[in-house]
Student: 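Got a structure here, written out as structure tokens. Questions coming.
Worth knowing before you read on, the calculation uses all heavy atoms, side chains too, and leaves out hydrogens, waters and symmetry mates. Quick caveat: nothing in here was measured; it's all calculated off a predicted structure.
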Amino acid sequence: MRQAFRAGAALVAVALLAAGCAKPSSSSNGTGAGAPAKFTGCMVTDTGGINDKSFNQSSWAGMQAAAATNPNITVKYLPSTSTADYAKNISTFEAQKCGVIVTVGFAMGPATQSAALADPSQKFAIVDCSYASFCLSTSAHPKIAHNITQLVYNTVQDAFLGGYLAAGMTKTGKVATFGGMKFGTVTIYEDGFWDGVQYYNKQHHTHVQVLGWSYPSQNGTFAGSFTNVSAGQTITNTFITHGADIIFPVAGLVGLGSAKAVQTANAAGKHVGMFWVDTDGCVSAATYCPYFVTSVEKGLTISVKTAVLNAAKGHIGGSYVGTLANGGAVLGPFHDWASKVPSSLQAELKTLEQQIISGKIVPATKSPV
């Protein structure tokens with residue numbers, strides 16, 4: 001029986017409105033005695049935009065889901081076209097007296113923290129940010145604001161399952177992963193993927209290689225962007241040339257370039273598959289669904305929905321950690337590949353999932369959660 005691995009530090013999207021924001025109610029309070037108070041949830045996107053098929057799109061889906069659940073909640077968003085927009089957009093929403101301001105992505109950590117410290121009465125939530133570990137230099141703000149709910153995801157868990165699956169599906173004995181940029185929220189996926197392949201090798205006495213990332217050295221291939229689709233296509237073509245037949249881009253929109261490369265390779269007679277990241281690719285990038293074996297997901301929509309509903313009830317602060325156990329870090333459906341993934345391999349994955357949930361297996365990562 002395998003002993004636990006080294007412990008690590010502890011795009012589901014829906015079709016969205018392509019333009020405009022939901023208009024909040026003109027009244028911030030109930031209109032009659034005993035009427036429920038109106039509550040506005042406001043979201044500041046990162047630079048990827050509201051239709052990024054990843055964080056912003058899925059987070060906005062969570063905002064909309066909160067409004068659908070509670071009719072007294074209205075939601076709206078402001079797009080950030082550059083990092084200079086972060087503080088400006090947050091300030092705009094503060095002036096509009098938003099009930100909660102949700103900021104998307106760890107890059108907004110400093111701007112969110114500054115605003116929260118300046119106005120302790122304003123409620124905030126931030127996606128993919130832990131102030132205790134990777135989101136903000138404590139030298140910049142030694143004090144951590146208590147009016148921010150931090151939404152983080154232990155994606156080494158589902159990425160481990162993804163690596164195991166990739167090792168079980170490869171016909172060439174080579175799989176590959178690459179990142180958008182070298183951030184902890186990216187490399188935690190790559191660590192889990194790498195570790196899952198190693199565990200498969202140990203269990204099945206195989207020698208599947210991982211191209212693009214090395215857990216021991218913490219070095220690998222990066223696109224230098226989360227939006228450069230051409231870079232994703234070039235990197236993936238290189239991996240395919242070197243024999244990889246399962247590709248896992250951890251790079252947001254850059255992954256669309258990977259999908260295009262896989263599509264082209266298969267049209268030329270190759271048999272290459274890939275994984276999508278963060279959300280269910282067959283929903284957020286449906287054109288390429290036939291090439292997605294699975295998606296290694298974060299429960300972005302459910303975590304944002306929960307944060308907004310809780311804020312409307314007056315609850316804010318602390319951390320939400322998405323895991324296999326609570327559905328905040330999951331291996332997505334196989335969709336078109338359901339009949340291609342052997343039933344025995346699917347059964348192994350279910351067993352591994354329970355072993356990770358129980359703590360019997362602790363996937364290795366050097367990236368903080």
Student: What distance separates M63 CE from Y77 OH, expressed to the nearest 0.5 Å?
Tutor: 12.0 Å

Student: Could you go through the side chain to side chain contact (heavy atoms under 4.5 Å, CB included) check for L300 and F55 one step at a time?
Tutor: CA-CA 7 Å; L300 297 163; F55 277 76; 3.8 Å; yes

Student: Just say parallel, tilted or perpendicular for the rings of Y291 and Y288, cut-offs at 30° and 60°.
Tutor: tilted

Student: If you count every heavy atom of other residues, nucleotides or ligands that lies below 6.0 Å from K340 atom NZ, does the total exceed 12?
Tutor: yes

Student: For T155, which residues count as a side chain to side chain donor-acceptor pair (under 3.5 Å) partner, sequence neighbours excluded?
Tutor: none

Student: So, N326 side chain and G328 main chain: donor-acceptor pair closer than 3.5 Å or not?
Tutor: yes

Student: The test is ring-ring contact (aromatic ring centres under 6.0 Å, His included); show your working for F193 and W213 and say whether it passes.
Tutor: CA-CA 9 Å; F193 184 83; W213 181 248; over 10 Å; no

Student: I'd like to know whether V152 forms a side chain to side chain contact (heavy atoms under 4.5 Å, CB included) with T185, so could you lay out the CA-CA distance, the side-chain angles of the two residues, the decisive distance to 0.1 Å, and finally the verdict.
Tutor: CA-CA 9 Å; V152 295; T185 49; over 6 Å; no

Student: Counting N and O atoms only, with roles assigned by atom type, does the side chain of Q233 sit under 3.5 Å from a partner on the main chain of K260, one being a donor and the other an acceptor?
Tutor: no

Student: Between S367 and D191, does a side chain to side chain contact (heavy atoms under 4.5 Å, CB included) hold up when you go through it step by step?
Tutor: CA-CA 8 Å; S367 298; D191 282 347; 3.9 Å; yes

Student: Passes side chain to side chain contact (heavy atoms under 4.5 Å, CB included), I356 versus L161? Steps please.
Tutor: CA-CA 9 Å; I356 293 171; L161 296 178; 4.1 Å; yes

Student: Any side-chain heavy atom of M274 within less than 4.5 Å of one from P249?
Tutor: yes

Student: Look at the side chain of S358 and the backbone N and O of Q355, then say whether any donor-acceptor pair between them is shorter than 3.5 Å.
Tutor: yes

Student: How about V250 and I188: do any of their side-chain heavy atoms sit closer than 4.5 Å?
Tutor: no

Student: Where the side chain of N56 meets the backbone of I50, is there a donor-acceptor pair that is under 3.5 Å apart?
Tutor: no

Student: With a 4.5 Å heavy-atom cut-off, do V100 and F39 have their side chains touching?
Tutor: yes

Student: Consider only side-chain N and O atoms of T170 and D245, and report whether a donor and an acceptor are under 3.5 Å apart.
Tutor: yes

Student: For D85, check salt bridge (Lys or Arg N to Asp or Glu O under 4.0 Å) against everything at least two apart and list the hits.
Tutor: K88

Student: Which heavy-atom pair separates Y164 from Q203 by the least distance, and what is that distance?
Tutor: OH-CB, 4.2 Å

Student: Is the closest side-chain heavy-atom distance between V208 and V210 below 4.5 Å?
Tutor: no

Student: Of the non-hydrogen atoms in P333 and E297, which two are nearest, and what is the gap between them?
Tutor: CD-OE2, 3.8 Å

Student: Do side-chain atoms of N89 reach the backbone of V44 as a donor and acceptor pair under 3.5 angstrom?
Tutor: no

Student: Donor-acceptor pair, distance only, cut-off 3.5 Å: does the side chain of D128 make one with the backbone of F106?
Tutor: no

Student: Identify the two heavy atoms, one from G62 and one from V304, that lie closest to each other, and give their separation to 0.1 Å.
Tutor: C-CG1, 4.0 Å

Student: Aromatic rings F226 and F183: how do their planes relate, parallel, tilted or perpendicular, breaks at 30° and 60°?
Tutor: parallel

Student: I need the K38 NZ to T74 OG1 distance, nearest 0.5 Å.
Tutor: 8.0 Å

Student: For G179 versus A251, what's the shortest heavy-atom pair and its separation?
Tutor: C-CB, 4.0 Å

Student: Using a 3.5 Å distance criterion without hydrogens, assess whether the side chain of N70 forms a donor-acceptor pair with backbone atoms of A66.
Tutor: no

Student: Is a donor on one side and an acceptor on the other found under 3.5 Å between the side chain of N310 and the backbone of H315?
Tutor: no

Student: Would you check, one step at a time, whether the test side-chain hydrogen bond (donor to acceptor under 3.5 Å, both in side chains) holds for S303 with Y153?
Tutor: CA-CA 10 Å; S303 62; Y153 311 90; 2.6 Å; yes

Student: Compare all side-chain heavy atoms of C98 with those of K76 and state whether any distance is below 4.5 angstrom.
Tutor: yes

Student: Kindly say whether H242 contributes a backbone atom to a donor-acceptor pair with the side chain of K174 at under 3.5 angstrom?
Tutor: yes

Student: Compare every heavy atom of A311 with every heavy atom of I316, then report the nearest pair and how far apart it is.
Tutor: CD1-CB, 4.1 Å

Student: Quick check for you: to the nearest 0.5 Å, what is the distance between H335 atom NE2 and F292 atom CZ?
Tutor: 10.0 Å

Student: Determine the sole option in T236, T234, N237 for which the side-chain hydrogen bond (donor to acceptor under 3.5 Å, both in side chains) test with S258 is passed.
Tutor: T236

Student: Could you report the tightest heavy-atom contact between N266 and V272, atom names first, then the distance?
Tutor: OD1-N, 2.8 Å

Student: Using a 4.5 Å cut-off on heavy atoms from C-beta on, say whether the side chain of K123 contacts that of N147.
Tutor: no

Student: Measuring from atom OG of S58 to atom CG of D52, what distance do you get when rounded to the nearest 0.5 angstrom?
Tutor: 7.5 Å

Student: Using a 4.5 Å cut-off on heavy atoms from C-beta on, say whether the side chain of T40 contacts that of F93.
Tutor: no

Student: From T187 OG1 over to F222 CZ, what is the distance, rounded to the nearest 0.5 angstrom?
Tutor: 6.5 Å

Student: Going by the angle between their ring planes, with limits at 30° and 60°, are F178 and F239 parallel, tilted or perpendicular?
Tutor: tilted

Student: Using the rule side-chain contact (heavy atoms from CB on, under 4.5 Å), only one of I126, T45, D46, V127 pairs with T103; which is it?
Tutor: I126

Student: Answer whether the closest heavy-atom distance between the side chains of F334 and L165 falls below 4.5 Å.
Tutor: yes

Student: Quickly, which of Y199, F160, Y215, F248 forms a ring-ring contact (aromatic ring centres under 6.0 Å, His included) with W194? Name it, please.
Tutor: Y215

Student: Using only atom types and a distance under 3.5 Å, with no angle test, would you say the side chain of K182 pairs donor to acceptor with the backbone of Q218?
Tutor: yes

Student: State the CG-OH distance between L345 and Y200, to the nearest 0.5 angstrom.
Tutor: 6.5 Å

